[in-house]
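Below, chains carry the letters A, B, ... as their sequence lines are ordered, and counting in each starts from 1.
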Number of protein chains: 2
Amino acid sequence: MKNPIESYISYTLAAAHRAVHQSLTAALKEHGVQVEVWRVLETLDAEPSQTMGELARIVLMNPPTLTKMVDRMVMDGLVHRQAGKSDQRQVNLMLTDLGRKRMAQIRDVVQSQDEAIYNLLGESEVAKLNDILGRLM
Amino acid sequence: MKNPIESYISYTLAAAHRAVHQSLTAALKEHGVQVEVWRVLETLDAEPSQTMGELARIVLMNPPTLTKMVDRMVMDGLVHRQAGKSDQRQVNLMLTDLGRKRMAQIRDVVQSQDEAIYNLLGESEVAKLNDILGRLM
DNA sequence: TGAAATTATTTTCCAAGTCAACTATTTTCT
DNA sequence: AGAAAATAGTTGACTTGGAAAATAATTTCA
């Protein structure tokens, strides 16, 4: 531990996050998809018709940032907006056919990078990591 | 685990990182200092005269981003640049008196948030976390 | 009821980040 | 030596992110 900031938990966490994020970014880049875009696709694929607010919370983005990213996703034909049924202020998002197709194309990419981490750490360490990280929130 | 992306390690890591980063950002905001600025101050305080490239690696930033942040830090009077002695292409950075003073002011802020995590997790869990995160890089 | 407060999302304006190209210096290699 | 390649850092054009204000719809409650 030659450098002092390496002893801070926030730093170690940031460093590990950066490494994993960059590796995932590189893998998804070949498919022209951003990590955050993948998160939205994955979330909507599992549970369609999420509102912007709920989605922002899940995909770890601030609402204004999500709005802009969704603008781009709409332009790319991956999702479309629909005014909320019971509450007109809300906006529900749903995948288009292309969105579902794109999701199917990249799922393997993400899963195989996740498996790589699994193999690197081993099952019990992954469980431990999840447990500890969960307590930080 | 209601949402599927919560089962991805990269996601859990991103979520924990976001939580910790936001909390540190909020604590430092009162002193008008960005997390990345703190990292530079802390690094230079421990080992003065780092080059831009080495510093970028340590503080987890891309070189162009660091250049621009250092521009601001120079304007704020926290650091100053000096052409490399043996290699004229290199730029060495050093803290100004104000930079050292600012560092002294915020060290407690960062350390107390780190201690909060320590207390939350306990010593052995922190060690385990550091160990696991270290293997991700 | 209906004015005031609250909530969901977007917009605006500005600050910060990225990629690729560029400058300057040093190294390599014939 | 000296031309070509490599390296350190910065710049410029463009994109993205963020805080606060704005808009629109819903709730609250006197």
Answer with yes or no after comparing the ring centroid distance for Trp38(A) and Tyr11(B) against a 6.0 Å cut-off, counting only values under it.
-> no
To the nearest angstrom, the CG-P distance between Leu60(A) and dG18(D) comes to 12 Å
Identify the pairs formed between an N or O of the protein and an N or O of nucleotides 5-12 of chain C at a distance under 3.5 Å, and give each distance.
from	atom 1	to	atom 2	distance (Å)
dT7(C)	O2	Arg89(A)	NH1	2.4
dT9(C)	OP1	Met52(A)	N	3.1
dT9(C)	OP1	Val91(A)	N	3.2
dT9(C)	OP2	Gly53(A)	N	2.5
dT10(C)	OP1	Arg81(A)	NH1	2.9
dT10(C)	OP2	Thr67(A)	OG1	2.7
dT12(C)	O4	Lys68(A)	NZ	3.3

Could you tell me the separation between the CD atom of Gln34(A) and the C1' atom of dT18(C), rounded to a whole number of Å?
-> 12 Å
Starting from C1' on dG18(D), measure out to CZ on Arg18(B) and report it in whole angstrom.
-> 11 Å
Do Asn92(A) and Thr51(A) have a side chain donor and acceptor closer than 3.5 Å?
-> no
Donor-acceptor contact below 3.5 Å, side chain Ser23(B) vs main chain Ala19(B) = no
Could you say whether Met69(A) or Lys85(A) is positioned toward the 5' end of DNA chain D, judged by the nucleotide with the nearest heavy atom to each?
-> Met69(A)
Check the distance between dT10(D)'s P and Met73(B)'s CE and give it to me in whole angstrom.
-> 13 Å
Donor-acceptor pair, Asp131(A) side chain versus Ala127(A) backbone, under 3.5 Å?
-> no
Is there a donor-acceptor pair closer than 3.5 Å between any side-chain N or O of Asn119(B) and the backbone N or O of Glu115(B)?
-> yes
Kindly say whether Pro64(A) contributes a backbone atom to a donor-acceptor pair with the side chain of Asn62(A) at under 3.5 angstrom?
-> no
Just checking Ser86(B): base, sugar-phosphate only, or nothing, at a heavy-atom cut-off of under 4.0 Å?
-> sugar-phosphate
Length of the line joining Asn62(B):CG and dA8(D):C1', which is rounded to integer Å = 15 Å
Mind checking ring pair (Phe, Tyr, Trp, His ring centres under 6.0 Å) for His80(B) and listing every partner two or more places apart, or none if nothing turns up?
-> none
What is the distance, rounded to the nearest whole Å, between atom CD of Glu36(B) and atom P of dG17(C)?
-> 7 Å
Atom CE of Met61(A) and atom C1' of dA19(D): how far apart are they, to the nearest Å?
-> 16 Å
Check the distance between dG17(C)'s P and Gln22(A)'s CD and give it to me in whole angstrom.
-> 14 Å
Phosphate contact (dG17(C) OP1 or OP2) by Arg72(B) side-chain N/O below 4.0 Å | yes
